[in-house]
Each structure stands twice: as C-alpha cells, then as structure tokens.
2 protein chains.
Amino acid sequence: MERKTGNECTADQQLPALGIGPYLELMDKTTAQDADRKSIRMGLVMLWLSDNILDVMDVDLAPFGITESKLDMLLLLMLHEGRELITPSGIADRLGIRRASVTALLDWLEKRGWVSREQSAKDRRMIHVSITPEGRALVNQVLPTFWSTCGSLLDDLDTEERKVFEKILSKLHQSIEKKVGVGR
Amino acid sequence: MERKTGNECTADQQLPALGIGPYLELMDKTTAQDADRKSIRMGLVMLWLSDNILDVMDVDLAPFGITESKLDMLLLLMLHEGRELITPSGIADRLGIRRASVTALLDWLEKRGWVSREQSAKDRRMIHVSITPEGRALVNQVLPTFWSTCGSLLDDLDTEERKVFEKILSKLHQSIEKKVGVGR
DNA sequence: TCCTAATAGTTAGATTATCTAACTATGACT
DNA sequence: AGTCATAGTTAGATAATCTAACTATTAGGA
C-alpha cells in the first residue's frame, strides 16, 4: 500500500520525485547494444506508468474507505451472486492469493458488514461467502468512480491513437499473461 | 510486496487467476453510456497490466535478493556519485517517500554493506549517504536483468507498433504525470 | 468399519513498504 | 539567549502478502 496524502514539503523541496529521466541517463551509460535502447526506454516508461496508474486508482478509491484488493474481492463476490456458492479456497484461486490471505481480507470485510460467512451444510469444512446488501451498496457507490478512473487513463489520446492502442494493449496483455500465467 | 513463489496448486485448481474478463462483464451490466465502454475496457486492461508488469519485475529481481524500491535507492545513489553529496532528506524528496521510510530502507541496505552513512562535518545534523563498492557491484550485476526485463515487455510488438506505441506512451506519461505530479 | 489421506479454513508469525507523530540534536535568526 | 526550523531517528501503525503449523472434517482404501 502506498498513499501520498499529507504534505511535508517545504520551500526548498522543489525537486520533483525521481522521474524516468535519471534512469535513461544511467541506461545510456550501462547498456551496450544500441538497438535495445529504444525498447528499454519504453519499458522503463511502462514500469513508471504501472506504478503511477495503481497510485491513481488507490487515491481515487481512498475516499470510499476501500482499496483495490478489497474491491476486487467484493466484485468477485458480486459476480458470483446467483451462481455456484463460493468458498474461501475458491476465492484464493481466482484472486491468485493464498487461503490465509483470503481469511484476512474476509475478516476485514466481514467486520464492516460487507460480506458474510456461512457454514456449508453438506461439507462442514466449507464456508460459503457472500456479499451483503451493504456490501453491494458500497460497490454500487464505488463503481462509477472506478470506471471513470479507468476511462480517464486514456483521456489524452485521440480517436486514432485509441484505435491503435487497443490492438497494442491486447498484444501486451497476451504477452504478459504468458510470462506470468504459467506458474499459477 | 507480493511474491508468487511456492505452489499450493492441486489437480482441481484449474481456474486461472481472475483475469479482466469478469470485470468487463460486470462493466457491461453497470455502465450506462455505451460510448465510454471502450475506454473503460482499455483502462481495465491497463490496470491489469500495471499489476502484472510490476510482478514480472519483482520476480526477475528476486534472485538478486533485492526489490525494486531498494534498487531504485541504489540507482539514485549511483547517479549521484561525483555530484553533490546526498542526504536522507534529499533521497526522500527524490523518491517521493518520507524521511522515516528512507531511514528504514537505508538501515536495510547498510546492514548488507551496500550503502554507507557518514556524518557531515559542516552541518552535524546531516548525513551523507553513498553507495559502497559492494553496492555498485550488485547494481552492475542486476542491471542487465533489469534492462532486459524492461525491454522484454515489448517483445511481442512489431516495428510498426513500437513506433506508434512510443508516441502513445509519452502521451500517457504526461497525462499521468499531470494527475499525480501536482500534489508532490 | 476403521485408519490414513487429503481438504478447508484459521492462526501465528514474518516480510515489505509505506505512513504519521513525536523525539533529539543541531543550526540559524532576531 | 531564546525561539524556531531542519535533519535524522524512533515508535507504532496499516496494508497486503507469504509460509508453516494447526484443527476439523471428509473420503477412500484395506
């Protein structure tokens, strides 16, 4: 988690947070093959963007008292309403985290009355998790902001750019999925 | 921090980690204006990418026993060699984190002999931080991987796509910088 | 049927990266 | 000299993870 509220800045702290500039500089000193430079440079920008996109979302969600991980959990539960019952194990699998982590997240959400646990009648080891009406209300309150933050990421691209970017994004998506997907 | 080593998976856990599919579905149910859909959809992909790009970097750096935050610190110190002396406060400003956080990071790095602290003679409140030869050696060992991971993010894009993407990236960069930059 | 295996969930304890608030020197300015 | 600001640290918190060990409970084979 990282929040950048509060502000300790004083007069002489004009320096901006470390951008990518310095890294590019270092790269030029460090990298041999000139051909790669451009890709690396773009990769660096992507890395920087990644950090900051998540930040922006964090900041936008903060007023609702919820974080992305927790919203993810609620959305997952919401998507499952009316389908098969869902258990902590199932949640862990779908979110790609450990059962123990799910327990912690559920504890937090349950304490606020946004989810509820109910023991399964058939298999008493299992627990059925569901989102409560209050949880659903929260999600409905948060979603407009969530979508609008998503959409606003592309604010400065024109129609033509969006069109190309769409294709590029889907390639990147596949590409990263390959890198990350196998092991889990 | 999030590492995805270890593997608890068993036979029936075929379900992939929650992708973006479900969110798109939810969006379709939730969003009114059809015009926005495409942007939101792309924003969602960007959000997903962000998470996973950082993951990939984490995983690639892990073998070196260092994380991105810590590498960032070392790179910053390396860039400052031979220039003005740098202090924890300065580091905090440039990395966009609190002085207290810098203290923690420095403690960790110092314990491993990768950075050193030295009291300033002129102003005894200040401390000059520098990277040690060992720290420099580590960075030099890590950098090839770092660059190659950056570069590999674009692996699947062809020359034409890279060209357009470059421009798009710089727009996105500016755009996010606007959103995030003012407050700090 | 009984025993061993596996499975579900939780607990305990750790790590990473942050934060705020309070504290200790030290320096600067009136 | 006295007050105020600055530098760094400490203490204590939170979020999101993890692993390992533990407790029920079920399932499957001998």
Side-chain angles (χ1 to χ4, degrees), chain A residues 1-13 17 51 54-55 58-59 61-62 65-73 85-93 95-111 117-129 184, chain B residues 1-13 17 51 54-55 58-59 61-62 65-73 85-93 95-111 117-129 184:
Chain A
M1 187 91 309
E2 54 185 85
R3 184 73 358 93
K4 266 133 194 170
T5 45
N7 207 337
E8 217 182 24
C9 290
T10 52
D12 69 324
Q13 303 182 341
D51 252 338
L54 295 177
D55 266 15
D58 267 6
V59 167
L61 291 183
I66 202 165
T67 58
E68 235 205 294
S69 309
K70 284 154 186 166
L71 180 60
D72 264 9
M73 170 86 82
L85 299 170
I86 193 165
T87 64
S89 288
I91 295 174
D93 292 344
L95 293 182
I97 59 180
R98 296 298 173 164
R99 282 175 288 139
S101 309
V102 173
T103 299
L105 246 16
L106 285 178
D107 285 348
W108 193 95
L109 291 168
E110 196 180 29
K111 204 187 309 174
R117 290 190 246 222
E118 193 194 348
Q119 258 214 339
S120 162
K122 285 203 298 207
D123 185 335
R124 287 190 305 173
R125 285 171 303 180
M126 291 198 200
I127 281 189
H128 297 313
V129 180
R184 56 201 233 195
Chain B
M1 186 87 315
E2 55 186 84
R3 185 70 358 93
K4 267 136 194 172
T5 46
N7 207 334
E8 217 183 24
C9 291
T10 50
D12 70 325
Q13 305 181 342
D51 252 339
L54 295 178
D55 265 15
D58 266 7
V59 167
L61 291 183
I66 202 164
T67 59
E68 235 205 294
S69 309
K70 285 157 186 166
L71 180 61
D72 264 8
M73 171 84 82
L85 299 169
I86 194 163
T87 64
S89 288
I91 295 174
D93 293 343
L95 293 182
I97 58 180
R98 297 297 174 166
R99 283 177 287 138
S101 309
V102 173
T103 299
L105 245 17
L106 285 179
D107 285 347
W108 193 94
L109 291 168
E110 198 181 29
K111 205 187 308 174
R117 291 190 245 222
E118 192 193 350
Q119 257 213 341
S120 163
K122 286 203 299 212
D123 185 337
R124 286 192 304 174
R125 285 171 303 181
M126 292 198 198
I127 281 189
H128 296 314
V129 181
R184 54 200 233 198

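Reminder, nothing fancy here: chain letters follow the sequence lines and each chain counts from 1.
A close approach under 4.0 Å does not occur between any side-chain nitrogen or oxygen of B:R117 and OP1 or OP2 of D:dG8. OP1 or OP2 of D:dG8 has at least one side-chain nitrogen or oxygen of B:S89 nearer than 4.0 Å. When the side-chain nitrogen and oxygen atoms of A:S101 are compared with OP1 and OP2 of D:dT17, none of them lie within a distance under 4.0 Å.
A:I97 places its CD1 atom 13 Å from the P atom of C:dG9, with the value rounded to the nearest Å. Protein atom CG of B:L105 is 13 Å distant from nucleotide atom C1' of C:dT15, rounded to whole Å. Put simply, CG on A:L106 is 13 Å from P on D:dA16, counting in whole angstrom units. Counting to the nearest Å, the P atom of D:dT17 and the CG atom of A:L54 are 12 Å from each other. One can place NZ of B:K111 at 9 Å from P of C:dT15, the figure rounded to the nearest angstrom. Rounded to a whole Å, the CD1 atom of B:I127 is 13 Å from the C1' atom of D:dT6. Straight-line distance from the CZ atom of B:R99 to the C1' atom of C:dC19: 13 Å, rounded to whole Å. Rounded to an integer number of Å, the gap from B:L71 CG to C:dT16 P is 15 Å.
At least one side-chain heavy atom of A:L106 sits under 4.5 Å from a side-chain heavy atom of A:P88.
Here B:S69 lies in heavy-atom contact (under 4.0 Å) with sugar-phosphate atoms only.
When the side chain to side chain contact (heavy atoms under 4.5 Å, CB included) test is applied to A:S69, the partners found at least two apart in sequence or on another chain are A:T67. Every residue meeting the salt bridge (Lys or Arg N to Asp or Glu O under 4.0 Å) condition with B:R125, not counting sequence neighbours, appears here in chain and number order: B:D123.
Separating the CD1 atom in B:I97 from the OG1 atom in B:T103 is a distance of 9.5 Å, to the nearest 0.5 Å. Annotation: the span from A:L71 atom CG to A:M73 atom CE amounts to 11.0 Å, rounded to 0.5 Å. Separation of atoms CG (A:L105) and CD (A:E110) is listed at 12.5 Å; rounding is to 0.5 Å.
For A:R98, counting side-chain heavy atoms from C-beta on, the closest listed nucleotide (C:dT16, C:dT18, D:dC18) is D:dC18. Closest contact between the side chain of A:W108 and the listed nucleotides C:dG9, D:dA15, C:dT16 involves D:dA15.
When each of B:A104 and A:A100 is assigned the nucleotide of DNA chain D with its nearest heavy atom, B:A104 is the one assigned upstream, toward the 5' end.
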Interface polar pairs with nucleotides 26-30 of chain C, N/O, under 3.5 angstrom:
| unit_1 | atom_1 | unit_2 | atom_2 | d |
| --- | --- | --- | --- | --- |
| C:dT26 | O2 | B:R125 | NH1 | 3.4 |
| C:dG27 | OP1 | B:R124 | N | 2.8 |

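The two residues A:A92 and A:R98 have their closest heavy-atom pair at CB-C, 3.9 Å.
In this structure, C:dA5 is classed as syn because its glycosidic torsion stays within 90° of zero.
Under the Watson-Crick or G-U wobble criterion, with both distances below 3.5 Å, D:dT23 is paired with C:dA8.
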